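Accompanying notes for the structure given below.
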Number of protein chains: 2
Amino acid sequence: MAERVTAGQGGESLLFLTDEQLRKGIEAMFFAYRGFTADPDRILAKHGYGRAHHRAVHFVNRSPGTTVNNLLDILGVTKQSLNRVLRTLIADGLIESRVGTRDKRERHLYLTEAGVELEQALSEAQRRRMRQAFRDAGPEAVAGFKQVLEAMMDPEPRRQFNRMKDGS
Amino acid sequence: MAERVTAGQGGESLLFLTDEQLRKGIEAMFFAYRGFTADPDRILAKHGYGRAHHRAVHFVNRSPGTTVNNLLDILGVTKQSLNRVLRTLIADGLIESRVGTRDKRERHLYLTEAGVELEQALSEAQRRRMRQAFRDAGPEAVAGFKQVLEAMMDPEPRRQFNRMKDGS
DNA sequence: ACATTAAGTCAGCCTTGTTGACTTTCCAAG
DNA sequence: CTTGGAAAGTCAACAAGGCTGACTTAATGT
């Protein structure tokens, strides 16, 4: 089996990574991400929602009272795209939008009771899979998993990721 | 900091995983996957293609001569969805579709020279990021990363993933 | 007073999923 | 041998959810 190795740019490292090893990593991400989203997707479909709604609900739950602009930064989508999703969630009574007290231009977003309920259902499904995977793989593997994922992020999302470690 | 822990279904395990730990895993997947797809997305955009084209090119390169049906199984999308992408790739001369010799209903798919070129550009971008992440995290972390991802897949994709380890 | 900012809206586009209906080809049972 | 179903692929039409651009409204800060 011919193992062609592409040149590593910059200072040659200590680790020898074949293209084949890297490709397996790439495919692992592809298949794992599909599994990762499969359970919530089923729940969302019942409600007539998509992944966009899930992301919105997740991060509003994560940072209650967050503003629209804040959410835009986190999700990395356009205002118009988020707005469509947000509008339906507000209309359906899952998210509440309160005018800011200090700055009345801002809208602060909160999950309603129904919103919390959906978020619970979605995240519990996802946690279940994550928990199972973590248990199957063991604590050392979990540490490695997190390390690699963090190293794979772009700098700005990584900052957000770490900032969110300790609450809003 | 209140750490609520949801009940682990089934036999209580040795690992205590808080909801907070699991949620960090979930967010890590979200942000990392975005980084993972960012580089190829930029290249694809220049050619007027999307992720669907990338996936098709990737797996045709991976298993030259594969049939449409085969690809369907791997990608987990509908025939019609794949077909649209495939049609443009064939029209643009990146993929060649040969009628099967044994079974003339089947179409066997191959990358043309131009197809190989695009695949190289895409996968090299992705490999670069993966390589960097792997190096930053170290070999032990990489092993853990793979273990957890594999554990996160649904059984059928996992089978495909492992089957592809040693070539088509 | 005026420029800037946050939020929201409308119109229109693209990609990529979906379902349903269809053709061509193959194979197996009568 | 023929014929009827199954399998592979194709075409048409629709929906979700991205995107850009132009614009309004309201509040803020200079």
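Numbers restart at 1 for each chain; the letters A, B, ... are given by sequence-line order, proteins then strands. On a predicted model such as this, the values are computed, not experimentally measured, just so you know.
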Grouping I, L, V, M, F, W and Y whenever their side-chain heavy atoms are under 4.5 Å apart, do A:Tyr110 and A:Leu75 come out in a common cluster?
no
Between B:Arg23 and A:His58, does the side-chain contact (heavy atoms from CB on, under 4.5 Å) criterion hold? Intermediate values first, please.
CA-CA 10 Å; B:Arg23 181 155 57 172; A:His58 174 97; 4.1 Å; yes
So, the side chain of A:His53 versus the backbone of A:Gly50: is there a donor-acceptor pair under 3.5 Å, distance only?
yes
salt_bridge(B:Arg127, A:Glu27) N-O dist < 4.0 Å
no
Taking any atom under 4.0 angstrom from a heavy atom of chain A, which nucleotides of DNA chain C are the first and last to qualify, 5' to 3'?
C:dT5 to C:dC10
Just to be sure I understand the geometry, which residues of residues 31-51 of chain A put a non-hydrogen atom under 4.0 Å away from DNA chain C?
none
According to salt bridge (charged side-chain N to carboxylate O under 4.0 Å, His left out), who are the partners of B:Arg129, at least two apart in sequence or on a separate chain?
A:Asp154, B:Asp39
Which part of the nucleic acid, if any, lies within contact of A:His53, taking any heavy atom under 4.0 Å across all strands shown: a base, the sugar-phosphate backbone alone, or nothing?
sugar-phosphate
Checking side-chain polar atoms at under 3.5 Å, does B:Glu150 have a donor or acceptor matched by the opposite partner on B:Asn162?
yes
Does A:Arg107 use its side chain to pair, donor to acceptor, with the backbone of A:Ser97 at less than 3.5 Å?
no
Would you please test B:Arg42 and B:Lys46 for side-chain contact (heavy atoms from CB on, under 4.5 Å) and show each step?
CA-CA 7 Å; B:Arg42 273 187 286 272; B:Lys46 284 188 230 164; 5.7 Å; no
Hey, what are the protein-to-nucleotides 19-22 of chain D N/O distances that come in under 3.5 Å?
from	atom 1	to	atom 2	distance (Å)
D:dC19	OP2	A:Thr78	N	2.6
D:dC19	OP2	A:Thr78	OG1	2.8
D:dG21	O6	A:Gln80	NE2	2.7

Produce the list of close N/O pairs, under 3.5 Å, pairing protein atoms with atoms of nucleotides 27-30 of chain D; give distances to one decimal.
from	atom 1	to	atom 2	distance (Å)
D:dT28	OP1	A:Arg102	O	3.0
D:dT28	OP1	A:Lys104	N	3.4

Look at the side chain of A:Asp103 and the backbone N and O of A:Arg105, then say whether any donor-acceptor pair between them is shorter than 3.5 Å.
yes
Side-chain (B:Ser63) to main-chain (B:Val60) donor-acceptor, under 3.5 angstrom:
no
Please give, in whole Å, the distance from D:dA7 C1' to B:His108 NE2?
14 Å
Distance, rounded to the nearest Å, where B:Ile95 contributes CD1 and D:dG9 contributes C1':
15 Å
Could you list the residues that satisfy salt bridge (charged side-chain N to carboxylate O under 4.0 Å, His left out) with B:Arg34, not counting sequence neighbours?
none
Is the shortest side-chain N to carboxylate O distance from B:Glu124 to B:Arg128 below 4.0 Å?
yes
Got B:Ile43 and B:Tyr49 here, is their nearest side-chain heavy-atom distance under 4.5 Å?
no
5'-most by nearest nucleotide on DNA chain D - A:Arg107 or A:Ala52
A:Ala52
